[in-house]
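Heavy atoms only: backbone and side chains are in, while hydrogens, waters and symmetry mates are out.
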Amino acid sequence: MISLISRLLPLLLFALSFIAQANSVDNKTDKAELPSHKALFEMCLFKAIKSADKTATLAEIEHYCEQQIAEKVISKNSGQSVELGVLANRVIREKRTAADPYVLTPHKMNYILPLSMVDEINRTAYQGFSDWADELKDVEAKFQLSLKVPLLTDSLFRQGDQLYFGFTLQSWWQIYSEEISKPFRETNYQPEIFYFTPISFHPFGGNSALVVGAEHQSNGRSQLLSRSWNRVYVNYLYEKRNFALSFRPWYRIPESEKESPSDGQGDDNPDILDYMGHFELGLMYKYDSAYEFSFKGRNNFATHKGFVEFGVTFPLWGKLKGYAQMSSGYGESLIDYNVNQRRFGIGIALTNLL
């Protein structure tokens with residue numbers, strides 16, 4: 001892990017320094033003309049409490065002030081009036097609870113799919129290791145847990161930016177395979193460190209942000225079942241009202257070749273880019289505050305191998321929301337990265353994307 005951090009950090013720090021230099025002029029202007037976020041929030045809160053309707057709650061007033069501050073910062077940076085969209089409002093909600101030790105901030109989507117059906121599992125990978133291969137079911141459970149922690153108490157380079165540590169866990173659970181004691185067939189761990197900043201680019205009247213990060217992804221297995229890779233990425237985010245877009249190209253950090261397939265050192269999966277591609281495109285749309293539609297796609301134009309995933313959240317009862325997911329292609333999990341799969345799952349969304 002120490003060697004991994006020593007390889008990832010220089011690349012991330014270089015990217016951060018590049019952003020800092022690119023924004024140096026705007027940053028000086030921001031600091032000269034705008035007070036800190038905390039000062040702006042306190043001034044707004046004082047004025048809003050004096051003039052607010054008596055039925056307004058403190059949470060509503062705080063949300064109003066965060067929106068006012070975000071609009072002021074973005075409008076100042078762009079030189080034009082802007083309208084906040086679904087991504088900006090999510091950032092505002094997260095800022096209100098970032099310092100609360102009793103609140104966990106979601107990163108990617110959190111969900112549980114008790115029923116997840118797939119047409120193909122990489123049984124070959126388990127041959128010779130256990131009696132799993134012949135007993136694995138094509139129906140299993142799948143879940144994802146994803147959290148992030150802000151590493152700064154104030155802005156780093158410009159107002160509205162933040163440095164985060166994130167962690168995502170995905171697991172595929174053979175809960176219906178009683179013959180082999182219902183094992184977790186595959187679990188993928190993805191720690192990352194990333195920098196988020198709004199940018200002064202407003203195509204079609206929308207808002208933009210940039211994310212620069214470094215991440216490690218592994219299934220925590222050994223020898224022939226081991227799968228892992230490291231990458232640095234740049235993620236362009238765009239929003240307009242209820243629509244959001246994410247375009248994330250990446251660069252894989254090279255690893256040395258293994259001397260033998262069972263060697264514990266070296267590249268576990270040298271051809272992973274042939275299947276995972278070099279970028280990921282995400283599209284999200286929030287409809288009528290009750291439904292969210294999402295799309296995720298990857299592709300390698302040289303090998304013509306890729307992956308698509310569609311998702312929708314919908315109301316069940318109370319605050320509980322259902323979630324349906326359908327995917328096709330390569331790389332849904334690391335153990336199956338070179339297997340073409342089609343999957344459908346249905347369950348519960350623990351958090352939304354937007």
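- Ion pairing between E215 and R248 holds under the 4.0 Å rule for side-chain N and carboxylate O.
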Show, in sequence, the C-alpha distance, side-chain angles and deciding distance for F293 and Y285, and conclude whether the ring pair (Phe, Tyr, Trp, His ring centres under 6.0 Å) test is met. CA-CA 5 Å; F293 300 90; Y285 182 76; 7.1 Å; no

Could you pull out all donor-acceptor pairs under 3.5 Å where a side-chain atom in residues 107-120 meets a protein atom, sequence neighbours excluded?
unit_1 : atom_1 : unit_2 : atom_2 : d
H107   : NE2    : E192   : OE2    : 3.0
N110   : OD1    : S146   : N      : 2.6
N110   : ND2    : K108   : O      : 3.3
N110   : ND2    : S146   : O      : 3.2
N110   : ND2    : T351   : OG1    : 3.1
Y111   : OH     : Q325   : NE2    : 3.3
S116   : OG     : R343   : NH1    : 2.7
D119   : OD1    : R342   : N      : 2.8
D119   : OD2    : R342   : NE     : 3.2
D119   : OD2    : R342   : NH2    : 3.0

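- Under the 3.5 Å distance criterion, the side-chain polar atoms of N300 are matched with a main-chain donor or acceptor of L273.
- Other residues sharing the hydrophobic cluster of W172, ordered by chain and number and joined by side-chain separations under 4.5 Å: none, the residue standing alone.
- Under the rule for a salt bridge (charged side-chain N to carboxylate O under 4.0 Å, His left out), K182 has no partner lying at least two apart in sequence or in another chain.
- Inter-residue side-chain proximity for S327 and F307 is flagged as met; some heavy-atom pair is nearer than 4.5 Å.
- One finds a salt bridge joining D267 and R252 here, because a Lys/Arg side-chain nitrogen approaches an Asp/Glu carboxylate oxygen to under 4.0 Å.
- Checking each of T197, V149, L151 against L163 for a side chain to side chain contact (heavy atoms under 4.5 Å, CB included) leaves exactly one that passes, namely L151.
- Taking the six-membered ring where tryptophan is involved, the planes of F301 and F279 are essentially parallel, since the angle between them stays under 30° and well short of 60°.
- With sequence neighbours left out, the salt bridge (charged side-chain N to carboxylate O under 4.0 Å, His left out) criterion links K137 to E179.
- The side chain to side chain donor-acceptor pair (under 3.5 Å) analysis of residues 301-320, with sequence neighbours excluded, yields no pairs.
- Partners of R90 according to the salt bridge (charged side-chain N to carboxylate O under 4.0 Å, His left out) rule, which considers only residues two or more places apart in sequence or in another chain, are E94.
- The aromatic rings of F194 and Y164 lie parallel to each other, with less than 30° between the two planes, well short of the 60° mark.
- A pairwise comparison of heavy atoms in E239 and L84 identifies OE2-C, 4.0 Å as the closest pair.
- A salt bridge links K142 and E332; the closest N-O separation between the charged side-chain nitrogens and carboxylate oxygens is under 4.0 Å.
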